[in-house]
Asker: 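This is the structure, below, for whatever I ask next.
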Amino acid sequence: MSNSTRCGDTDMVDDARLERLQGMLRQRGILLPAFDLYGGAKGLYDFGPVGGRLRSKINQAWLNHWISLGNVVEISSPTVTPYEVLEASGHVGEFSDFMTQCGECGEASRADTLLENHHPNPDSLNIGDLQSLLDEVSPNCPACGSASWSPIEAQNLMFSTTIGAGESGRPGFMRPETAQGMFTMFPALYRHFREQLPFGAVQVGKGYRNEISPRQGMIRLREFNMAEMEYFIDPESQETHDFSSWETTPMALIDGDGNLHNQSLSDAVDAHLIRHQTVGFFMGKTYDFLLNLGIDADKIRFRQHAPDEMAHYASDCWDAELLGSYGWIECVGIAHRGCYDLEAHENASGRTLRARREFSEPKIIEIDGWTIDGGVAGPAFRGDAGQVKVLVESLDSDTEFPTEVALDDGRTLTVESEHVKRVQKTVKETGEWYIPHVVEPAFGIDRILWHVLDHAYDESEKGGEPYRMLKLSSLVAPVDVVILPLFEKDGMGRIASDLHKRCCLIPNLVSMYDASGSIGKRYARADEIGVPICITVDHQSLEDNTVTMRTRDDGSQVRISIDDLPFL
RNA sequence: GCGAGCGUAGUGUAGUGGUUAUCACCGAGCGUUGCCAACGCUUGAACCCGGGUUCGAGUCCCGGCGCUCGCACCA
């Protein structure tokens, strides 16, 4: 979350402007409180008839931006996620309290709190151990004193659910991030990319966090749009990235101690302020993406997480923060997650999630040592045979038998020469398996969308009246063109509606037809939803098939033949 | 989650317990005007929800929901 006090500028928030902006967004069908019909629901928002397309255009721009790297694919995984997946990832431990309900009075209590006097650190227990301890201790309810408890459930920041019905139901959660889908899909990704790293997978989708207290409009939501890339790399062969396009762009970089550096990304990587080149490269790509959406360059900064702030998985993390009506807000996190996630899923699932690295020269390994002769040692040592085998294989090649080996439990056994066999062989290893590291750029689409609107919102005056518009980039503008007949008579309406229908047939072009009110009022309406171009059909159109094309940002008009319109 | 303040058309608002709830913008229709929120006429649209007090509640009380702020929380 943003640390907005550290750099000072939060107090410059203009609340009146914020309220006018929010009012306009509601009135124009861009952002609205969800389920307003039923009194509203905290932390949930509707994207209206205009905002819906704004969101999808941002999503699409994001996907295109990363897929264009060439070694990145789009995937989509379910939002409903089995319990085990999020337990392995660490989310159950980090996100949840384990709750149990009193069977008598219904009071909900935290299981770890109930068991505080019966375990040194109940907070560290997993759900199974907590349940056994609860059953064993059977503590009294702090409210009514009885001792009958419902089965423990994980609650709080993740929405929990049951996958399937009744007895066969299996506990699960709505995902709190999209990332786990990319990790659990690693084997398919690895195959798809012909077992060659680096590669990445992206997905955009919904995430859910049952925030205790959502605040600040679009900034903290219970259901939110996120877009994440997991980029898998070999930690031993660093990819060289091209930083040349940002060479002369000083970026606002705040280090983990709160010091501001105005430095180009390549300089910051060279100075080891940014600890990993790929993290730095993705910071640059993130910067480009934000500029393309119309975010103001001087309202972007990157802030490095302090060590104590870093998430449980990260080894370096930079947030892109955007300055808007709520101060500096974290909108993107670029984290070096190391091998944390794949290793965690390997351990929990028992499956291998590794990539192979071929050695430049095969390694020839001479093995000269001992192993057990299973046919003799097995019957002799019975249950200890496995441990004896490990011990024997660690003995030097010049060991003489009989010899004594010490077991874990303190017992000592004598190994006779007939129990062992000499092993002498040459092994050629051409490569090795390793757990890839991951660099993750994670984007909060709602927060970015908010800042796109905030930065695009322009207040001015026209004829003494306040005049508002959204100066949206055409990359994200929800409506591409508005067709306006100066009047719906003498055939102007006909020409305009024909042109509108023609525009509607063009894929990915959204056209609106508006004939109501004066021409100035219609331009003003179009400006408020950020339409870049207005086409007006007037009297001259009747004679020579030309129209006027008005540009939103400067109000300039040019006359152009309908057939020469740039978007047709 | 705790505390404080607030909740009236799509938006912004007025409203001493007492008619049909104010005004403006807004939306729709018609006319007029012939390129930047023009004008006229007609018209649409609200007291967050549920209880209570009262002859009578937008107004007072209680509860819920929502919004804002502070504390707490925030992978």
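The chains referred to below are lettered A, B, ... by the order of the sequence lines, with proteins before strands, and numbering in each begins at 1.
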Asker: Would the base of G34(B) count as contacting K489(A) through its side chain, where contact means a donor and an acceptor less than 3.5 Å apart?
Answerer: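 Per atom types, the contact qualifies.
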Asker: For atom P, what is the distance between C23(B) and U43(B), given to the nearest Å?
Answerer: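 Here C23(B) and U43(B) have their P atoms 14 Å from each other.
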Asker: Mapping A41(A) and A524(A) onto RNA chain B by nearest heavy atom, which one lands closer to the 5' end?
Answerer: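 The residue whose closest nucleotide sits nearer the 5' end is A524(A).
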Asker: If you count every heavy atom of other residues, nucleotides or ligands that lies below 6.0 Å from R494(A) atom CZ, does the total exceed 12?
Answerer: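 No, the 6.0 Å shell around CZ holds no more than 12 heavy atoms from other groups.
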Asker: Side-chain N or O of T536(A) less than 4.0 angstrom from OP1 or OP2 on C35(B)?
Answerer: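 Answer is no, no contact under 4.0 Å.
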Asker: What nucleic acid atoms does Y467(A) come within less than 4.0 Å of, heavy atoms only: base, sugar-phosphate, or nothing?
Answerer: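 Base, at least one base heavy atom under 4.0 Å.
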Asker: Any salt bridge linking K57(A) with D480(A)? Criterion: basic side-chain nitrogen under 4.0 Å from a carboxylate oxygen.
Answerer: yes
Asker: Within a reach of under 6.0 Å around CZ of R559(A), are more than 12 heavy atoms found that belong to other residues, nucleotides or ligands?
Answerer: yes
Asker: Whole Å only: how far is the CD atom of Q22(A) from the P atom of G10(B)?
Answerer: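 My rounded result for the distance is 18 Å.
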Asker: G70(B) and C60(B): how far apart are their P atoms, nearest whole angstrom?
Answerer: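 G70(B) and C60(B) have their P atoms separated by 26 Å.
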Asker: How close do H345(A) and A88(A) get, counting heavy atoms only, and between which atoms?
Answerer: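 Between these two residues, the closest heavy atoms are ND1-CB, 3.8 Å.
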Asker: From the list G66(B), A28(B), C35(B), which nucleotide is the closest neighbour of the side chain of R559(A)?
Answerer: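 The nucleotide sitting nearest to the side chain is C35(B).
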Asker: Can you tell me if K521(A) touches the phosphate of G27(B), counting only side-chain N or O atoms and a distance under 4.0 Å to OP1 or OP2?
Answerer: yes
Asker: Nearest to the side chain of R550(A) - C35(B), U11(B), C36(B)?
Answerer: C36(B)
Asker: In whole angstroms, how far is the P atom of U68(B) from the CG atom of L18(A)?
Answerer: 9 Å
Asker: If we take the P atom in both U59(B) and G1(B), what is their distance in whole Å?
Answerer: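 Rounded to whole Å, the distance is 26 Å.
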Asker: Distance criterion of 3.5 Å, no angle test: do you see the side chain of Q557(A) paired donor-to-acceptor with the base of C35(B)?
Answerer: yes
Asker: Which whole-number value in Å describes the distance from R222(A) CZ to G66(B) C1'?
Answerer: 11 Å
Asker: Got a salt bridge between R468(A) and E461(A), using NZ or NE/NH1/NH2 to carboxylate O under 4.0 Å?
Answerer: no
Asker: Please tell me which of K462(A) and E19(A) maps to the more 5' nucleotide of RNA chain B, matching each residue to the nucleotide holding its nearest heavy atom.
Answerer: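 Mapping each residue to its closest nucleotide by heavy atoms, the 5'-most match is E19(A).
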Asker: Find the partner of U54(B): check Watson-Crick (N1-N3 plus N6-O4 or O6-N4) and G-U wobble (N1-O2, O6-N3) distances, both under 3.5 Å, and reply none if neither fits.
Answerer: none
Asker: Considering only the C1' atoms, how many Å lie between C25(B) and U68(B), rounded to the nearest integer?
Answerer: 25 Å
Asker: If G40(B) has a Watson-Crick or G-U wobble mate with both distances under 3.5 Å, name it; if not, just say none.
Answerer: C30(B)
Asker: Please determine if a side-chain N or O atom of R220(A) lies less than 4.0 Å away from the OP1 or OP2 oxygen of C74(B).
Answerer: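 For C74(B), OP1/OP2 do not have a side-chain N/O of R220(A) under 4.0 Å.
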Asker: Could you check which nucleotide pairs with G70(B) in any of the strands shown, counting Watson-Crick or G-U wobble with both distances under 3.5 Å?
Answerer: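 G70(B) is paired with C2(B).
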Asker: I need the CE-P distance between M24(A) and C26(B), as an integer number of Å.
Answerer: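 Computing the M24(A):CE to C26(B):P distance gives 15 Å.
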Asker: With distance as the sole criterion, do the side chain of E528(A) and the base of A37(B) form a donor-acceptor contact below 3.5 Å?
Answerer: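 Indeed there is one.
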Asker: Can you see if the side chain of S518(A) gets near the phosphate of C36(B) - specifically, an N or O under 4.0 Å from OP1 or OP2?
Answerer: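 So the side chain of S518(A) is outside the cut-off, no N or O lying under 4.0 Å from OP1 or OP2 of C36(B).
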Asker: If only side-chain N and O atoms of R26(A) are considered, is one of them under 4.0 Å from the OP1 or OP2 phosphate oxygen of G12(B)?
Answerer: yes
Asker: With rounding to whole Å, what would you report as the distance between G64(B) and G12(B) at their P atoms?
Answerer: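 Result for the P pair: 26 Å, nearest Å.
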Asker: Of the nucleotides G34(B), A37(B), C35(B), which has the atom closest to the R28(A) side chain?
Answerer: A37(B)
Asker: Determine the Euclidean distance between corresponding P atoms of C6(B) and G63(B); express it in Å to zero decimal places.
Answerer: 15 Å
Asker: Once the angle between the rings of H500(A) and Y513(A) is folded into 0 to 90°, is it parallel (under 30°), tilted (30 to 60°) or perpendicular (over 60°)?
Answerer: tilted
Asker: Pick the C1' atom in C47(B) and in A38(B), then give their distance to the nearest Å.
Answerer: 34 Å
Asker: Under 3.5 Å, is there an N or O donor on one side and an acceptor on the other linking the side chain of Y38(A) and the base of C65(B)?
Answerer: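 Answer no: no donor N or O sits under 3.5 Å from an acceptor.
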Asker: Say you pick atom P in A28(B) and the same atom in G34(B); how far apart are they, in whole Å?
Answerer: 23 Å
Asker: Quick one: D514(A) CG to G27(B) P, roughly how many Å, whole number?
Answerer: 9 Å
Asker: NA contact type, E465(A), heavy-atom cut-off 4.0 Å: base, sugar-phosphate, or nothing?
Answerer: nothing
Asker: Is a side-chain N or O of D319(A) found less than 3.5 angstrom from the main chain of E321(A), in a donor-acceptor match?
Answerer: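 Not confirmed, D319(A) side chain does not pair with E321(A) backbone.
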Asker: From CD of E461(A) over to C1' of C36(B), roughly how many Å is that when rounded to an integer?
Answerer: 15 Å
Asker: Tell me the partner of U22(B), counting only Watson-Crick (N1-N3 plus N6-O4 or O6-N4) or G-U wobble (N1-O2 and O6-N3) with both under 3.5 Å; none if nothing fits.
Answerer: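 Result: none.
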Asker: Rounded off to whole Å, could you give me the CD1-to-C1' distance for the I533(A) and C35(B) pair?
Answerer: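 In whole Å, C35(B) C1' lies 17 Å from I533(A) CD1.
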Asker: Does a sphere of radius 6.0 Å around CZ in F35(A) hold more than 12 heavy atoms from other residues, nucleotides or ligands, not counting ones at 6.0 Å or beyond?
Answerer: no
Asker: Could you tell me which nucleotide pairs with C35(B) by Watson-Crick or G-U wobble geometry, both distances under 3.5 Å, or answer none if nothing does?
Answerer: none
Asker: To the nearest Å, how far apart are Q27(A) CD and G10(B) C1'?
Answerer: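 Value for this atom pair: 5 Å.
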Asker: If you only use heavy atoms from C-beta on, which nucleotide in C35(B), A28(B), G66(B) is closest to the side chain of R525(A)?
Answerer: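 Selected nucleotide (nearest to the side chain): A28(B).
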